[in-house]
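Labels below follow one simple rule: chain letters A, B, ... track the order of the sequence lines, proteins then strands, and each chain is numbered from 1.
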Number of protein chains: 2
Amino acid sequence: MNYPNVINDLIECFKKFSGIGEKTAERLALSTLEMDDEVLQIFSEALKSVKKKIKRCKRCNYLTDEELCTICKDDTFRDKTILCVVEEPKIVTLFEKMGGYHGLYHVLDGLISPLDGINPEDIQIASLIERIKKENIREVILAVKPSVEGETTTLYISKLLEGMDVVVSKIAHGVPIGIDMEYIDSLTLEMALEDRKSVT
Amino acid sequence: MNYPNVINDLIECFKKFSGIGEKTAERLALSTLEMDDEVLQIFSEALKSVKKKIKRCKRCNYLTDEELCTICKDDTFRDKTILCVVEEPKIVTLFEKMGGYHGLYHVLDGLISPLDGINPEDIQIASLIERIKKENIREVILAVKPSVEGETTTLYISKLLEGMDVVVSKIAHGVPIGIDMEYIDSLTLEMALEDRKSVT
């Protein structure tokens, strides 16, 4: 494009993000010209240092810029005998935003998917089992998505935990709140029916 | 959010762009962790320098990192007696991508809109008139959007050019190519009907 080089650089960089196409990248690149200098400075610094600064928590594999993440270091009210097992870091944030969970987490960094060449040893399952033993975990909540990979991972982990003194549960799947029933797919409806609860 | 600071900084910066909300900003910030170091380096540098590097072309007001933009400096095949008048820099790019226009441009940086407090002296109209006189312009093509502001601006400029030895035209408005006729609004249809061309 016939923009000056620095604008073309920005367009190319924005295009590297999935979900950002040519048009959006152009719009975003041009709008940097209207941004505060301070924001651009912070943005620039953060991009330069993000990969150097961010590590994984030694204990739970969540994102951190120290040895342990803020959640593992939190000494106030967390129940450190419960682990919620999730696929990726942003699900931890989802749970934290919800606010109703006060245990710890374990980030698997993927789900078992033999077709994609992802085997149990490629994700953080060994470290999970080790933690459960070492930290006297009382309950493991499997909170992965209800897909073939999710179910495979849930099944695999629960098999490994058989015979150990730990309660294994998985989050409920069913009809989400605030949605029109007619838009629910049949698989979800089937799960919702199967897991029905008595109301009397 | 309970992310490390550098991730929160990135989320806040992405949220400054119009059209990027909380969820998207979070996704984009996290995906920087998977990007090439080189891309992040270029991105960081470009953000830091973009506002310092980018100026407006002394002649046409398009974006440039030099005195004159690449289009004004282009000495190959441009017809320097035709000016296409546009609202903002990215419309220049749109025309250049199309490839069928070989004249010069003039970027107004806005349209006349008294309701929003934008008067003729707030946009690049004076410099346009000066150029037309000084550069012996033969034709001025007004290519602004068909809105109240666009029509006001078109009318205002064409009034100013009355009596000067220059052809003033405006781009055609009508039904765009490749669209289902049923989705056309009545104003567009009215313009398309009014500007109908003989086919025989």
Checklist entry - With a 4.5 angstrom heavy-atom cut-off, which part of B:T24 approaches chain A: side chain, backbone, both or neither? => result neither

Next on the checklist: Counting only non-hydrogen atoms closer than 4.5 Å, does B:L63 touch chain A with its backbone (N, CA, C, O), its side chain (CB onward), both, or neither?
Outcome noted: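 For B:L63, the contact with chain A is made by backbone and side chain together.
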
For [X], does the [atom1] atom sit with more than 12 other heavy atoms under 6.0 Å from it, leaving out its own atoms?
{"X": "A:E121", "atom1": "CD", "answer": "yes"}
{"X": "A:K16", "atom1": "NZ", "answer": "no"}
{"X": "B:E135", "atom1": "CD", "answer": "yes"}

Next on the checklist: Just to be sure I understand the criterion: a residue of residues 46-61 of chain B counts if one of its heavy atoms is under 4.5 Å from a heavy atom of chain A. Which ones qualify?
Outcome noted: B:A46, B:L47, B:K48, B:S49, B:V50, B:K51, B:K53, B:I54

Next on the checklist: Measuring from atom NZ of A:K90 to atom CD1 of B:I7, what distance do you get when rounded to the nearest 0.5 angstrom?
Outcome noted: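 Taking NZ in A:K90 and CD1 in B:I7, the distance rounds to 12.0 Å.
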
Checklist entry - Could you state the interatomic distance from CZ (A:F17) to CZ (B:F14), rounded to the nearest 0.5 Å? => result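 Nearest 0.5 Å value for the CZ-CZ distance: 3.5 Å.
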
When clusters are formed by joining ILVMFWY residues with side-chain heavy atoms under 4.5 Å apart, either directly or through shared neighbours, do [X] and [Y] land in the same one?
{"X": "B:L115", "Y": "B:V144", "answer": "no"}
{"X": "A:M164", "Y": "A:V167", "answer": "no"}
{"X": "B:Y105", "Y": "B:L68", "answer": "no"}
{"X": "A:I179", "Y": "A:M181", "answer": "yes"}
{"X": "A:L40", "Y": "A:L33", "answer": "yes"}

Checklist entry - Pairs in or reaching into residues 158-168 of chain A: which pass salt bridge (charged side-chain N to carboxylate O under 4.0 Å, His left out), with residues at least two apart or in two chains? => result none

Next on the checklist: Less than 4.0 angstrom from a charged side-chain N to a carboxylate O is my criterion; do A:K97 and B:E26 meet it?
Outcome noted: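 Salt bridge present between A:K97 and B:E26.
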
Item to check | Passing candidate, side-chain hydrogen bond (donor to acceptor under 3.5 Å, both in side chains) with A:Y3, options B:D65, B:T93, B:T70 | outcome: B:T93

With chain B, which of [options] has the greatest number of heavy-atom pairs at distances under 4.5 Å?
{"options": "A:L10, A:L30, A:D9", "result": "A:L10"}
{"options": "A:I20, A:V39, A:V92, A:N5", "result": "A:V39"}
{"options": "A:E45, A:R27, A:E12", "result": "A:R27"}

Checklist entry - Between B:Q41, B:E88, B:M35, which has the largest tally of heavy atom pairs under 4.5 Å with chain A? => result B:M35

Item to check | Contact class of A:D37 relative to chain B, heavy atoms under 4.5 angstrom | outcome: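 For A:D37, backbone and side chain are both near chain B.
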
Checklist outcome for this item: Here the pair of heavy atoms bringing A:Y62 nearest to B:N2 is OH-OD1, 3.5 Å

